[in-house]
Asks: 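Sharing a structure here in structure tokens format.
Everything numeric here is computed off the predicted structure, so don't read it as measured data. In what follows, chains are A, B, ... by sequence order, proteins preceding strands, each numbered from 1.
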2 protein chains.
Amino acid sequence: MRNGRQRAVTIAEVARRAEVSPATVSRVMNGRFAGAPEVADRVRRAAEELHYSPSPLARSLALGETRTVAFVVPDIANPTFQAMLSSLSKSAAADGYRVLVADSAEDPEEEAVLAVETRRGCDGLVLCAPRMPDERLRALLPVLRPVLLINRGSTRLDAPSISVDYGVGIQQLAEHLHGLGHRHFAYLEGPAPSTSNRSRVEGLRSFAERAGNVRVDHIAAGSSSSDGYAGAGRVRETGATAVLAYNDLVAVGLMSALTDQGVTVPADISVAGFDDIPMVSYIAPRLTTVSVPYGPLGAEAWKRLHALMRGEVPSHNVIFQPRLQRRESTGPPPVPPSADRTGPAAAGPGRRR
Amino acid sequence: MRNGRQRAVTIAEVARRAEVSPATVSRVMNGRFAGAPEVADRVRRAAEELHYSPSPLARSLALGETRTVAFVVPDIANPTFQAMLSSLSKSAAADGYRVLVADSAEDPEEEAVLAVETRRGCDGLVLCAPRMPDERLRALLPVLRPVLLINRGSTRLDAPSISVDYGVGIQQLAEHLHGLGHRHFAYLEGPAPSTSNRSRVEGLRSFAERAGNVRVDHIAAGSSSSDGYAGAGRVRETGATAVLAYNDLVAVGLMSALTDQGVTVPADISVAGFDDIPMVSYIAPRLTTVSVPYGPLGAEAWKRLHALMRGEVPSHNVIFQPRLQRRESTGPPPVPPSADRTGPAAAGPGRRR
DNA sequence: GTGTAGCGTGAAAGCGGTTTCTCGGCGGGG
DNA sequence: CCCCGCCGAGAAACCGCTTTCACGCTACAC
């Protein structure tokens with residue numbers, strides 16, 4: 001190492017002290033040694049005495065593998081990715097791998113260069129690039145491989161992917177609310193260009209189509225509590241009786257603003273979140289939301305990436321289904337919905353998992 | 001690389017195509033080339049055409065630096081570390097460094113071996129090892145360097161450290177509550193062996209000493225909302241009028257349980273959190289807490305580690321002071337404190353920052 | 001007794017770069 | 001006109017480890 005802080009002891013020094021060749025030291029250290037036991041002992045003793053530990057860098061270069069994978073996300077600060085990172089990192093560690101994190105700062109272009117650049121320093125990639133156009137991603141794939149995509153399953157890309165079915169999640173919420181009698185919804189949108197927002201929008205559209213006599217107003221917001229707080233005014237202007245928030249954080253912010261304005265949840269208006277982060281079952285009113293299994297998702301991501309790195313053929317993509325958590329922030333609308341109600345509190349037709 | 005997925009192009013191939021030596025290619029790629037411009041152009045063109053990009057591994061081995069640092073923490077899932085990680089990673093990225101995360105799973109022994117092992121694969125370490133005994137850490141220091149310690153500033157260790165003054169933080173809260181008239185406190189403890197819990201305990205002890213006529217009951221809890229929820233019963237048994245929670249999550253859980261039990265916050269009992277995570281200013285009642293600047297702390301950690309890696313001498317340690325956020329979850333005790341009150345609502349003597 | 005198979009170990013060639021050292025060629029000064 | 005010095009660029013050493021290949025030795029068979 002250039003800086004003389006702590007000149008590391010090399011395999012050659014161990015070899016010299018044990019009076020063997022570096023090759024033998026290497027073999028002993030890696031359990032590939034077949035020769036005389038006393039030679040092995042000598043090597044082990046020498047290594048011990050010198051506090052030798054092989055340079056991971058040099059091993060990596062020689063072996064062509066780093067035992068490191070990277071996790072590339074648009075924004076590490078997002079609790080969603082943190083949950084995944086936590087379980088991904090723990091699963092990888094269990095198999096002796098480390099994980100490198102890279103934050104693309106939500107920049108679509110950065111996403112691409114960062115992914116490529118980061119990939120070069122490790123053996124595999126878990127890539128969450130919601131902003132990257134399909135074509136761009138497809139072109140990058142050969143360089144990125146082995147790569148496991150997050151939330152890119154819908155499109156036909158030649159790479160394994162695991163995703164969350166946000167569309168189904170929001171439909172579950174919408175149908176729950178519909179079942180309670182709501183016909184006029186508001187959706188507080190997350191970051192517009194993100195796929196996770198788009199699939200929610202899509203899910204709502206298809207719900208509305210199926211349900212028929214409903215109205216869904218869209219309101220631009222964001223992904224933080226302050227965005228939810230700021231959106232309260234516009235929500236009320238729509239006259240919606242139920243509001244779906246992009247995620248739990250937004251829902252909490254929204255509820256806070258509504259409370260400030262003298263609006264009671266769920267008596268005056270129902271609010272639903274998304275994700276089921278741990279805290280929202282402890283606030284008042286307890287938030288109705290869908291729980292998304294980010295932990296299992298991270299673990300599964302590792303499992304599949306690991307298989308991929310071992311050269312196994314990618315198995316089928318998997319889509320995690322969110323699960324409805326009915327709690328206290330949703331209830332019947334304040335006044336019975338307008339006259340045209342045909343099938344009263346019956347849930348939306350079919351297709352509820 | 002062993003697996004023939006995408007045989008990377010090497011410097012030799014570029015050299016051959018540009019009809020120069022690998023040395024020249026290297027020089028051109030690193031801006032150290034002084035010769036004929038047309039040679040440089042030829043090299044650049046060849047590199048371009050071959051989509052050459054130097055192997056980070058090989059560079060690292062030759063240069064003796066990886067441009068990677070590691071962040072070792074007891075539990076990545078902890079929001080506290082996530083906030084630090086986020087800003088650490090962003091700051092490091094701005095200087096062209098990546099960050100590796102390692103989770104010691106709160107295991108004191110694991111903390112040590114993980115730190116050492118992880119350190120070998122990178123240029124520096126940000127180490128948060130609250131469980132590791134001083135002696136052990138001191139012994140490891142030479143191997144770990146350059147290393148920046150988190151929350152290990154109090155002890156005399158020969159390594160730079162940046163910390164949060166949890167003691168002062170909890171004292172601010174206690175004094176705030178004392179000023180409101182509280183004399184009987186409960187503290188919901190975090191993970192017992194952690195330094196961050198111990199400094200809070202210490203801070204409370206010194207507060208109690210200074211204040212004189214106060215009582216502080218300690219209750220074992222933990223660091224999550226469910227721990228707070230579970231602790232409510234024991235809190236009420238103490239008869240305390242004000243409770244300090246280990247962190248915001250615990251406080252939220254506690255408040256939820258109290259509400260469930262018909263206890264009103266802050267009318268019946270005051271509750272204070274710790275950390276000021278974004279959401280707690282949006283819940284009802286808005287949580288009184290101290291804000292801890294984890295973001296700036298992460299950035300500062302990078303700044304100092306970076307300086308250290310450049311060989312600069314470590315500057316003085318820094319201690320971030322939490323700042324009191326009075327909100328709605330604290331108020332005067334329900335009945336005037338017992339007869340022995342001498343100085344009524346005057347805040348505790350001096351020493352409030 | 002010699003050929004050969006087998007075994008234990010070392011020499012050396014990578015892995016893919018960086019950097020020192022060297023050398024040939026050119027220009028300028030004496 | 002010759003010599004010296006400088007400059008541009010390549011050869012080779014090196015970073016630290018793995019692994020192939022080869023070699024020397026022993027043992028066994030014929």
Asks: Rounding to an integer number of Å, can you tell me how far A/Leu61 CG sits from D/dT18 P?
Replies: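 Whole-Å distance recorded here is 11 Å.
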
Asks: Could you check A/Glu19 against A/Arg17 for salt bridge (Lys or Arg N to Asp or Glu O under 4.0 Å), going step by step and ending with a plain yes or no?
Replies: CA-CA 5 Å; A/Glu19 299 181 302; A/Arg17 175 179 256 255; over 6 Å; no

Asks: My understanding is that only residues two or more places apart in sequence, or in another chain, count here; which of them pass ring pair (Phe, Tyr, Trp, His ring centres under 6.0 Å) with B/Tyr97?
Replies: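 By the ring pair (Phe, Tyr, Trp, His ring centres under 6.0 Å) rule, B/Tyr97 matches B/Trp302, B/His306.
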
Asks: Could you check whether any side-chain N or O of A/Ser87 sits under 3.5 Å from a backbone N or O of A/Gly295, counting only pairs where one atom can act as donor and the other as acceptor?
Replies: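 Flag set: sc A/Ser87 to bb A/Gly295 pair under 3.5 Å.
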
Asks: Using whole Å, report how far OH of B/Tyr52 lies from P of C/dG16.
Replies: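 Answer to the nearest Å: 10 Å.
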
Asks: Can you check the A/Ile11 CD1 to C/dA12 C1' distance for me, whole Å?
Replies: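 So the CD1-C1' distance, A/Ile11 to C/dA12, works out to 14 Å.
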
Asks: Just jot down the salt bridge (charged side-chain N to carboxylate O under 4.0 Å, His left out) partners of A/Glu300, sequence neighbours excluded, or say none.
Replies: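 Partners of A/Glu300 under the salt bridge (charged side-chain N to carboxylate O under 4.0 Å, His left out) test: A/Lys303, A/Arg304.
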
Asks: Relative to the 5' end of DNA chain D, which residue comes earlier, B/Ala23 or B/Ala58, by the nucleotide with the nearest heavy atom?
Replies: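 The 5'-side residue here is B/Ala23.
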
Asks: Using whole Å, what does the distance between atom P of nucleotide C/dT18 and atom CG of B/Leu57 come to?
Replies: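 So the two atoms are 13 Å apart, to the nearest Å.
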
Asks: What heavy-atom pair brings A/Phe320 and A/Ile162 nearest, and what distance separates the two atoms?
Replies: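 That closest heavy-atom pairing would be CE1-CD1, 4.2 Å.
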
Asks: May I ask you to verify if any side-chain N or O of A/Thr10 is less than 4.0 angstrom from the OP1 or OP2 atom of D/dG16?
Replies: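 No, because none of the side-chain N or O atoms of A/Thr10 sits under 4.0 Å from OP1 or OP2 of D/dG16.
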
Asks: Atom CD of B/Glu38 to atom P of D/dG8: distance rounded to whole Å?
Replies: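 About 13 Å, once rounded to whole Å.
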
Asks: For B/Glu19 and D/dA9, what is the distance between atoms CD and P respectively, to the nearest whole Å?
Replies: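 Atom CD in B/Glu19 sits about 14 Å away from atom P in D/dA9.
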
Asks: In whole angstrom, what separates A/Glu65's CD from C/dG16's C1'?
Replies: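 My rounded result for the distance is 17 Å.
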
Asks: Quick check on D/dT18: is either OP1 or OP2 less than 4.0 Å from any side-chain nitrogen or oxygen of A/Arg32?
Replies: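 Indeed not, no polar side-chain atom of A/Arg32 lies that close.
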
Asks: Between the protein and nucleotides 4-9 of chain C, list every N/O to N/O distance that falls short of 3.5 Å.
Replies:
unit_1 : atom_1 : unit_2  : atom_2 : d
C/dT9  : OP2    : A/Ala36 : N      : 3.2

Asks: Using only heavy-atom distances, determine whether the side chains of B/Ser53 and A/Arg120 contain a donor-acceptor pair under 3.5 Å.
Replies: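 Yes, a side-chain donor-acceptor pair sits under 3.5 Å.
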
Asks: Within the side chain of A/Arg27, is there an N or O that forms a donor-acceptor pair under 3.5 Å with the backbone of A/Arg32?
Replies: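 Not a single qualifying donor-acceptor pair exists.
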
Asks: From C-beta outward on A/Ser55, which listed nucleotide comes closest to its side chain: D/dT18, D/dG16, C/dG16?
Replies: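 The listed nucleotide nearest to A/Ser55's side chain is D/dG16.
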
Asks: Nearest whole Å is fine: how far is D/dA9 P from B/Met29 CE?
Replies: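 About 17 Å, once rounded to whole Å.
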
